[in-house]
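Sequence lines set the chain letters: A, B, ... in the order given, protein chains first and strands last, and positions in each chain run from 1.
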Amino acid sequence: MIITLSGKERSANATVFRQLFAFRYDVFVKRRHWSLPARGNLDIDQYDCPEAQYFYGVDDDGSIFSHVRLTPTMTHSLMADYFPHLVEGRHQLRDPLIYEATRYIVMPREKSRARNCTAKAELLGAVMQWSLERGLTHLQTVIDTSGFPSFIELSPETLPLGLSHPYGGGPTIDGGGDAMAIRCPVSQKVVEDILAYGDLPKTFATGSRLLCEPMHA
Amino acid sequence: MPKRRSDEYATRAFDFCARIRDITDPDEIRQLIEDELKHYGFDYVTCALVPGPGQDAMAGVMMNTRPASYVQHYVENDYTHVDPVVTELAHTLRPYSWSDVRRNRPLSKGQLGIMDEAREFKVRDGLIVPVVPYTGGVSIFSPCGERPELSARARAAVEIIGVAGLQALRRAIIESTRARDDYHPLTRREREVMHWVAVGKTDDEISIILGMHPKTVNTHVESAKRKLNATRRTLAIVEALRRGEITI
């Protein structure tokens, strides 16, 4: 099940947000060794703002297994603030109709390729449907370059915004790698591409499973 | 190689991605890839699913422009499983060049000989861009040439071209196969059985996993082989992966 919450609902859902930030800390700081402004074993940064929109997947027992954060690029863009060198050409990085995805995690409990694809499609299908309903034109993000094939496979509409560049000392350094900026149009076709990738029914993105009521703590 | 403006690499790569996503004919995609690579000095390219042990090296080939004599020599000598450029995939799934392989690990005389033999066909260096599709296995985009441009920016651009080109070709092949009159999709049960065959399970093991008699497992395998037009199980697995029927 995919749940979405607005950053404005953070105080009303404090426990849920604490779980999300702890999940992110565990993945990015402890496992991937990213240098992040974490505090108290929680990954919280300046992009965790009231304008942010959070999407996350939960198992039947309530444990979180996927997460992504969307922010409006006009006010909160990691790409524009820290990674403008990843973008080449005349792409506008800030636009009212372009949102940015960050802190993307998909870690289903069942470790199989098929389950991973489904979990990825559930999360990104929900994000794309939410964006479509709000009239957004594009979503953009910075990815580790090794993930580029899977984003192209999710939807061939995905386009790079620049060539790949090393970060954190490059791929041979712990916590480093190669990064690139990508952008995907928001469209019904992309929603269908994503659902096909995850072998999900076409009703998934608009069905009752997508946008649940916030869980008030 | 003519000297290029720094932003030309990115621009060409973006244009390629934008053009290739709208093409559905596999042959048009192959032509676009071949033409684009010439700008970087890559004379030949092969796109293929890397064969597993005992699998036919040519069964998973989606595109090949290397000279027929080169390919024949390579296949006849069964180089796929010993060529250091291919076996490097056991160490990394990040893109690398042939010169990286020479530089990064000690190679035997035999291994160096395989790489040197390519020079007889006017091929001195190349890139390997590995792609792991959602169906599993490893596919490679492997351009090479006599004097390819291998600057950091050229490599970054060709890596994007490789990923976008290989995925577009794979998708187009699957769709064109499914559109053929003689295409018969596998049943759900056949897909399940072939998945377990692909990961190396015996009929007895599959019968326990799926709760069916071993003879029924074999019946499903034989039916899948007929639909996939394959005489052997290994060929059927490669074809099922190529068509996107199974994942491993």
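Contact annotation: the side chain of L159(A) approaches that of R21(B) to within less than 4.5 Å [non-hydrogen atoms, C-beta and beyond].
Residue D61(A) qualifies as enclosed at atom CG: its count of foreign heavy atoms under 6.0 Å is above 12. Heavy atoms of other residues, nucleotides or ligands lying less than 6.0 angstrom from CG of D15(B) number more than 12. Heavy-atom contacts from other residues, nucleotides or ligands closer than 6.0 Å to CD of Q92(A) number 12 or fewer.
Contacts between V129(B) and chain A at a heavy-atom distance below 4.5 Å are absent for every atom of the residue. Contact annotation for R170(B): only side-chain heavy atoms (C-beta onward) come within less than 4.5 Å of a heavy atom of chain A. If you measure heavy-atom distances from L161(A) to chain B, the contacts under 4.5 Å come from the backbone alone.
Taking CD from Q167(B) and OG from S150(A), the interatomic distance works out to 8.5 Å, rounded to the nearest 0.5 Å. Note that CZ of R171(B) and CG of D193(A) are 7.5 Å apart. Values are rounded to the nearest 0.5 Å.
Under the rule for a side-chain contact (heavy atoms from CB on, under 4.5 Å), the partners of H138(A) that lie at least two apart in sequence or sit in another chain are I98(A), R183(A), P185(A). Taking E36(B) as the reference, R12(B), F16(B), R19(B), H39(B), Y40(B), I161(B) meet the side-chain contact (heavy atoms from CB on, under 4.5 Å) condition, with sequence neighbours excluded.
Taking all atoms of both residues into account, the shortest heavy-atom contact from L163(A) to A157(B) is CD2-CA, 3.8 Å. The two residues P160(A) and C17(B) make their nearest non-hydrogen contact at CD-SG, 3.9 Å.
Among V163(B), L166(B), V132(B), the single residue meeting the side-chain contact (heavy atoms from CB on, under 4.5 Å) criterion with P149(A) is V163(B).
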E153(A) and V131(B): CA distance, side-chain angles, deciding distance, side-chain contact (heavy atoms from CB on, under 4.5 Å) verdict: CA-CA 10 Å; E153(A) 200 167 24; V131(B) 174; over 6 Å; no
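Judged by distance alone, the side chain of E88(A) and the main-chain N or O of T11(B) form no donor-acceptor pair under 3.5 Å.
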